[in-house]
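In what follows, a single structure is set out as structure tokens and then discussed.
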Amino acid sequence: MNKDSKIYVAGHRGLVGSAILKTLQSKGYTNVIGRTSSELDLSNQVAVQKFFSSEKPEYVFLAAAKVGGIVANNIYRADFIYENLMIQNNVIHQSYLNGVKKLLFLGSTCIYPKDCPQPMKEEYLLTNTLEYTNEPYAIAKIAGIKMCESYNLQYGTNFISVMPTNLYGPNDNFDLEKSHVLPALLRKIHLAKLLSENKTEEVLKDLGLKNLEEATDYLSKFGVTAHSVEVWGSGKPRREFLWSEDMADACVFLMEKGDFKDIINSSPREDAEGSGYEIRNTHINIGTGEDISIKNLAEIIKDIVGFKGNLVFNIDRPDGTMRKLTDVSKLNSLGWKHKLSLADGIENIYNWYINK
Ligand SMILES: NC(=O)C1=CN([C@@H]2O[C@H](COP(=O)(O)OP(=O)(O)OC[C@H]3O[C@@H](n4cnc5c(N)ncnc54)[C@H](OP(=O)(O)O)[C@@H]3O)[C@@H](O)[C@H]2O)C=CC1
Ligand SMILES: C[C@H]1O[C@H](OP(=O)(O)OP(=O)(O)OC[C@H]2O[C@@H](n3cnc4c(=O)[nH]c(N)nc43)[C@H](O)[C@@H]2O)[C@@H](O)[C@@H](O)C1=O
């Protein structure tokens, strides 16, 4: 990518897209474009066709998607598979038709089997059954990986798929029901602390409500009181967390590196001799290679926020996959490693949240 190359960041207001935009701008890229979902609905084939043929981006970061935590994935199953397939089909296909030089597709580590050997290597894709709570989303992401691979093989495109671990950072979704664990726990524990200190005005401001009774009623649905905070599941599942700006740095690093073939270790497939299908690994993991139990995560957040009450584990809520630790040796061997520790990241995001 040259500093004046036309770069389209799809989903530039989201957690990852906003971090990619910031990283590109700080590195001196001057021709970065974005569209909100109301300006350009990426699930609309005609609108995406018009956008690509008029704007002709040279590079594409595909960070627009229907995203949510375990419960959102489990409830809105149709929306997660439909919207993600539509968005990625439109953007990947138009990128091919319009001669995009390089595209980076963001998948997720939920593409790996539910009981995957740990740490999860790239080659474990499609070796066993998926976790049920996010199966529709994972199937859409696998379709995206296979789409990039297939276009590379058939049309000689330069499309890379990356599989990030659980991410967090500025511009995350803090909805108490639909968000991921880290922003949800941070907000719940923060609100419980405010309740315990009788900071009514701040509680109402955070929730956008008018009276304390309404607020306590609402918070009780999420197990948030002045004395305790509900944590979903058993607390035993382990997750790996990466700061969104480290994620963005890895994405830009990979886009600045050579062709996808230089990045994704190519080696002949044993089962594809003579077919022309010669790329074994289709994607690359992005993570820290370190994980933590949800119970420990909640305790760290509690310490950082300064809440003195209890954590209550609600086993009527799903645990999901018990462990999904990424093997990041491929990414590390290319020369990239994450910078921010989880404790520093939680401090950062808590400061961001209370000052936003
Ligand atoms: N968050 C995480 O922990 C993880 C995320 N990922 C992947 O990373 C990528 C980015 O996720 P994240 O930043 O967290 O998601 P966010 O929900 O924060 O942002 C997604 C963005 O996508 C845009 N978008 C959604 N639907 C449409 C549409 N129909 N048309 C146009 N734009 C649309 C939204 O735009 P607007 O704001 O304008 O409405 C939004 O800004 C996704 O592919 C996700 O699957 C992977 C692993 C973990
Ligand atoms: C990134 C990844 O994110 C999703 O998968 P997930 O990792 O299971 O998502 P999660 O962050 O929502 O939960 C992680 C763990 O944490 C527990 N947990 C405790 N208390 C809360 C809580 O208050 N909220 C949430 N959301 N989870 C909680 C929760 O029960 C689970 O055991 C995919 O659907 C898919 O989107 C995907 O790719």
Side-chain angles (χ1 to χ4, degrees), residues 15 19 69-71 164-207 215-216 218-247 287-315 317-326 337-356:
L15 168 70
I70 188 165
V71 164
T165 186
N166 294 40
L167 307 167
Y168 68 104
N171 305 316
D172 208 344
N173 171 9
F174 286 84
D175 185 275
L176 296 180
E177 184 76 10
K178 294 181 189 160
S179 67
H180 290 105
V181 60
L182 199 152
L185 286 181
L186 189 88
R187 187 171 177 213
K188 287 197 284 191
I189 293 172
H190 170 64
L191 284 162
K193 184 189 170 222
L194 294 181
L195 285 175
S196 72
E197 292 168 349
N198 295 316
K199 293 188 172 159
T200 307
E201 288 298 309
E202 288 182 52
V203 172
L204 297 178
K205 189 172 165 222
D206 182 296
L207 295 172
T216 47
Y218 177 75
L219 287 174
S220 69
K221 288 189 204 143
F222 298 100
V224 178
T225 73
H227 312 286
S228 61
V229 169
E230 179 182 298
V231 180
W232 294 353
S234 62
K236 289 180 187 155
R238 298 181 71 83
R239 291 292 184 272
E240 174 185 344
F241 297 94
L242 178 68
W243 177 244
S244 60
E245 292 173 357
D246 275 347
M247 167 67 189
T288 63
E290 295 155 18
D291 66 359
I292 180 174
S293 73
I294 297 301
K295 180 170 186 277
N296 279 353
L297 173 76
E299 282 162 351
I300 294 175
I301 296 176
K302 215 174 94 148
D303 279 354
I304 288 173
V305 170
F307 176 58
K308 303 275 183 269
N310 301 317
L311 298 172
V312 178
F313 294 88
N314 179 357
I315 54 164
R317 294 284 197 164
D319 267 342
T321 311
M322 288 315 283
R323 199 171 183 202
K324 43 179 177 176
L325 176 66
T326 55
K337 200 172 183 318
H338 73 284
K339 293 187 191 73
L340 203 69
S341 71
L342 180 59
D344 288 347
I346 295 172
E347 292 266 9
N348 281 0
I349 195 57
Y350 188 46
N351 284 329
W352 182 87
Y353 184 77
I354 54 182
N355 292 311
K356 80 175 162 46

Any donor and acceptor pair, going by atom type alone, linking the side chain of [X] with main-chain N or O of [Y] inside 3.5 Å?
X: D246; Y: L340; answer: yes
X: K193; Y: G306; answer: no
X: D172; Y: L15; answer: no
X: E240; Y: G289; answer: yes

Do [X] and [Y] make a side-chain contact, defined as non-hydrogen atoms from C-beta onward lying under 4.5 Å apart?
X: L195; Y: T216; value: yes
X: R239; Y: T321; value: yes
X: F174; Y: S179; value: no
X: N173; Y: P183; value: no
X: D206; Y: Y353; value: yes
X: E202; Y: E197; value: no

Y168 and F241 aromatic ring geometry - parallel, tilted or perpendicular at 30°/60° bounds: perpendicular
Could you tell me the separation between the [atom1] atom of [X] and the [atom2] atom of [Y], rounded to the nearest 0.5 Å?
X: L297; Y: I346; atom1: CG; atom2: CD1; answer: 5.0 Å
X: L219; Y: L207; atom1: CG; atom2: CG; answer: 5.0 Å
X: D175; Y: H180; atom1: CG; atom2: NE2; answer: 12.0 Å
X: I301; Y: I189; atom1: CD1; atom2: CD1; answer: 5.5 Å
X: R187; Y: Y350; atom1: CZ; atom2: OH; answer: 12.5 Å
X: D344; Y: W243; atom1: CG; atom2: CH2; answer: 10.0 Å

Nearest heavy-atom neighbours spanning [X] and [Y]:
X: F222; Y: K188; result: O-CD, 3.8 Å
X: A298; Y: L311; result: CB-CD1, 3.6 Å
X: V312; Y: S228; result: CG2-CB, 3.9 Å
X: P170; Y: E245; result: CG-OE2, 4.0 Å
X: T288; Y: T326; result: N-OG1, 4.5 Å
X: S196; Y: A226; result: CB-O, 3.3 Å

Results of salt bridge (Lys or Arg N to Asp or Glu O under 4.0 Å) for K295 - residues two or more places apart only: E299
Begin from the C-alpha positions of L182 and L342 and carry the test side-chain contact (heavy atoms from CB on, under 4.5 Å) through to its verdict. CA-CA 11 Å; L182 199 152; L342 180 59; 4.1 Å; yes
